[in-house]
Each structure stands twice: as structure tokens, then as C-alpha cells.
2 protein chains.
Amino acid sequence: MAGRLSSDDLADALRLNGLRVTPQRLVIHRVLGEIGGHATADQVLERVEALLPNVSLPTVYATLALFERLGAVHRVSAPGDRAVYDTRTDPHHHVYCRVCGGVVDLDAPVDLSPAVDAANESGFGAEWVEVTLTGVCRSCAGADAN
Amino acid sequence: MAGRLSSDDLADALRLNGLRVTPQRLVIHRVLGEIGGHATADQVLERVEALLPNVSLPTVYATLALFERLGAVHRVSAPGDRAVYDTRTDPHHHVYCRVCGGVVDLDAPVDLSPAVDAANESGFGAEWVEVTLTGVCRSCAGADAN
DNA sequence: CTTTTTGCAAATGATTTGCATTAAC
DNA sequence: GTTAATGCAAATCATTTGCAAAAAG
């Protein structure tokens with residue numbers, strides 16, 4: 001549903017869409033690959049600044065939105081106040097702790113084709129499917145009485 | 001995984017937790033039942049004001065958060081900038097349009113037990129599971145070339 | 001050269017907080 | 001009476017926008 005892009009493929013994809021290949025975009029893409037998990041815009045910026053100074057947060061936001069359109073990242077489907085980008089582009093699922101707000105990957109074999117088929121039959125163009133579990137993670141359960 | 005609460009049950013649940021039964025809470029709960037779908041805090045307030053004047057947005061936010069803890073509503077798991085509360089408390093799924101940001105219910109038979117089991121085995125206390133499809137809805141696909 | 005992208009500063013908009021007042025119990 | 005809940009105004013914080021300067025093609 002979306003394979004991971006190499007730096008060269010990214011450059012090609014950009015050029016193909018009449019977009020420019022900038023150091024910022026390359027570095028952000030590289031950092032995303034190194035993270036290989038979940039990151040907010042700030043967290044991306046933090047790592048990017050070590051490689052390329054003076055990159056601004058608006059650029060990070062714009063680039064993440066761009067990469068999402070190109071299929072290089074996905075916004076995680078989870079309740080929460082800040083956008084979490086997922087750098088894993090293979091199908092997998094998420095666990096969301098409603099106490100600490102943490103998001104963790106969950107790999108489990110689930111057959112989602114009934115949902116995808118139902119959506120597509122209704123005229124929706126599905127591009128991504130994921131399962132989200134909401135609850136309380138182990139550490140929050142330990143700290144809290146509830 | 002969470003049944004719909006009657007007004008009496010809500011009052012009991014509140015008292016049981018040492019919380020107070022206020023007209024605002026009762027009205028908001030009633031409005032949620034009438035909506036029976038998705039709503040943002042503003043949308044809840046809009047309907048509440050018709051029944052009880054001078055209710056404030058902070059109260060709506062606080063009450064929705066409270067009801068979430070009580071299991072009477074759920075924040076929809078979907079990428080997006082504003083919190084969408086789901087007043088349907090029976091298991092069902094969602095379709096999220098990445099163009100218009102719309103969220104629509106999706107009913108489809110999906111066996112999520114492998115995911116729930118995997119999460120619980122890892123020490124996570126799962127309370128809610130849902131499938132989220134991301135893509136482009138029919139109207140946005142019609143308007144846009146992509 | 002032309003047009004996109006960037007960086008910065010300022011704006012926006014949802015959600016939260018502080019605090020005095022009101023209402024449950 | 002005590003203590004929690006409310007309303008209001010102000011604060012917070014992620015995300016976006018406007019625009020001039022820099023850089024890609």
C-alpha cells in the first residue's frame with residue numbers, strides 16, 4: 001500500500017511532480033528513516049537541526065505534509081492533541097494510552113479486507129487501513145489506581 | 001466494551017465516583033444521545049445552549065473528558081486537528097477523508113481479537129478497538145483530479 | 001532568469017487554566 | 001457549611017500563513 005522510498009526514489013518522486021529537491025527535504029527524509037518509528041514535528045526538527053542548521057518548524061510541517069502526499073509517511077490514527085507521524089510505511093497497528101498519550105506499534109495478523117471492501121463499495125478510495133487500540137499502558141496502570 | 005448509559009445510570013456512575021450530578025452534565029449527556037454520531041466540542045455546545053443557556057465551552061470540554069473516562073463517549077481515532085467525539089458506544093469503524101477531513105462511520109464485520117490479544121499479552125489494558133481507513137471520499141475524488 | 005522553497009515573525013484556532021462565584025450535597 | 005463545578009477571561013500550544021530573501025532548475 002506504500003513502500004519505503006530510498007533517497008534517490010524520493011528525489012525522483014519530487015522531480016516527477018515538478019517539485020524541487022532541496023537539502024531540507026533530503027535531510028528530513030533521512031531523519032525519518034533513522035527514526036523508524038513515531039515522531040512529532042518537533043522531534044523531527046530536533047534531529048534535523050543536528051545535520052542542517054536553521055531549519056524552521058514551518059518547513060518541517062510543510063515537508064511532512066508533502067511526504068504524506070507522496071506516501072513516505074503517515075499521520076497515526078490516534079486520538080491526541082499533536083500530530084504523530086509514522087515512518088513505518090508497511091501495514092501495522094497502534095496502541096494508544098489514554099493516560100500518557102503514548103503511541104506504540106502493534107504487529108498482529110488481522111484481516112481487514114471486509115472493512116476495505118465495504119469502504120470501497122461505498123465509493124471511498126481507501127489508501128491506508130490500521131487498527132487502533134485505546135486503553136492504558138502497563139506503566140500507567142502501575143502508577144495509577146485506575 | 002462499553003454500553004450506552006441511561007441518564008439514571010450516568011447519575012449513579014457520577015455519584016459512585018464522588019462526582020456531582022449537575023444539569024450541565026445531564027444535558028450534555030442527553031445531547032450526545034440525540035446526536036448519536038460524531039461531534040466536536042463546539043457542535044455539542046451549540047445543541048446544549050438551546051436547552052440550557054450560558055453553558056461554557058470549557059465546561060463542555062471538561063464534561064466530554066469526564067464522560068470519556070466513564071466510557072460514555074470516545075475520541076475518534078483519526079488524524080485531524082480537532083477532537084471528534086463519538087457518541088456511538090457500540091463497536092464500529094471509521095473512514096477518514098484526508099482531503100476534507102470528514103469522518104464517517106463504517107460498519108463491517110472484522111475480527112480484531114488477534115490485535116486485542118496481542119496487546120493484552122504485552123501488558124496493555126485494551127478498552128476500545130477500532131479500524132480507521134484513510135483515503136479520499138467520493139465527493140473529494142470527484143472535485144479533485146487526484 | 002523564473003518559480004518554488006525557505007526562514008522568520010506574526011496570526012490562528014482549538015483546548016486549557018486561573019480564579020471568583022455558584023450550586024451540589 | 002464544605003467542597004466540587006461552573007463561567008468567564010486570559011493563557012497556552014500546536015499548526016498555519018504572509019512575505020521578503022535565498023536557492024533550485
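Here is how names work: the chains are called A, B, and so on, in the same order as the sequence lines, proteins then strands, and each is numbered from 1.
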C/dT4 base / A/Arg20 side chain donor-acceptor hit below 3.5 Å: yes
Under 4.0 angstrom between A/Tyr61 side-chain N/O and D/dT15 OP1 or OP2: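 Yes, because at least one side-chain N or O of A/Tyr61 sits under 4.0 Å from OP1 or OP2 of D/dT15.
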Phosphate contact (D/dA23 OP1 or OP2) by A/Gln24 side-chain N/O below 4.0 Å: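 For D/dA23, OP1/OP2 do not have a side-chain N/O of A/Gln24 under 4.0 Å.
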A/Pro58, nearest nucleotide to its side chain (from D/dG25, D/dT16, C/dC25):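 So the side chain of A/Pro58 is nearest to D/dT16.
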Nearest listed nucleotide, side chain of A/Arg25, among D/dT6, C/dT5, C/dC8: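 When the side chain of A/Arg25 is considered, C/dT5 is the closest of D/dT6, C/dT5, C/dC8.
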Within 6.0 angstrom of B/Arg30 CZ, more than 12 heavy atoms from elsewhere: no
Enclosure of A/Glu34 CD (heavy-atom neighbours >12, cutoff 6.0 Å):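 Yes, the 6.0 Å shell around CD holds more than 12 heavy atoms from other groups.
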Integer-rounded Å distance: [N] [atom2] and [X] [atom1]:
X: A/His29; N: C/dT5; atom1: NE2; atom2: C1'; answer: 18 Å
X: A/Leu66; N: C/dT4; atom1: CG; atom2: P; answer: 14 Å
X: B/Glu49; N: D/dG7; atom1: CD; atom2: P; answer: 10 Å
X: B/Asp42; N: C/dT15; atom1: CG; atom2: C1'; answer: 10 Å
X: A/Tyr85; N: D/dA14; atom1: OH; atom2: P; answer: 14 Å
X: B/Leu64; N: C/dT15; atom1: CG; atom2: P; answer: 10 Å
X: A/Leu52; N: C/dT5; atom1: CG; atom2: C1'; answer: 13 Å
X: B/Leu57; N: C/dA14; atom1: CG; atom2: P; answer: 9 Å

Comparing A/Asn54 and A/Gly18 on DNA chain C - which has the more 5′ nearest nucleotide: A/Gly18
Residue whose nearest DNA chain C nucleotide is more 5′ - B/Thr22 or B/Arg82: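 It is B/Arg82, whose closest nucleotide lies nearer the 5' terminus.
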B/Leu10 vs B/Leu26 side-chain heavy atoms within contact, under 4.5 Å: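 A side-chain contact exists here, since the closest heavy-atom pair is under 4.5 Å.
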Side chains of B/His74 and B/Tyr85 in contact at under 4.5 Å (non-hydrogen atoms): no
Main-chain N/O of B/Gly37 paired to B/Thr87 side chain as donor or acceptor, under 3.5 Å: yes
Sugar-phosphate, base or nothing in reach of B/Ala83, heavy atoms under 4.0 Å: sugar-phosphate
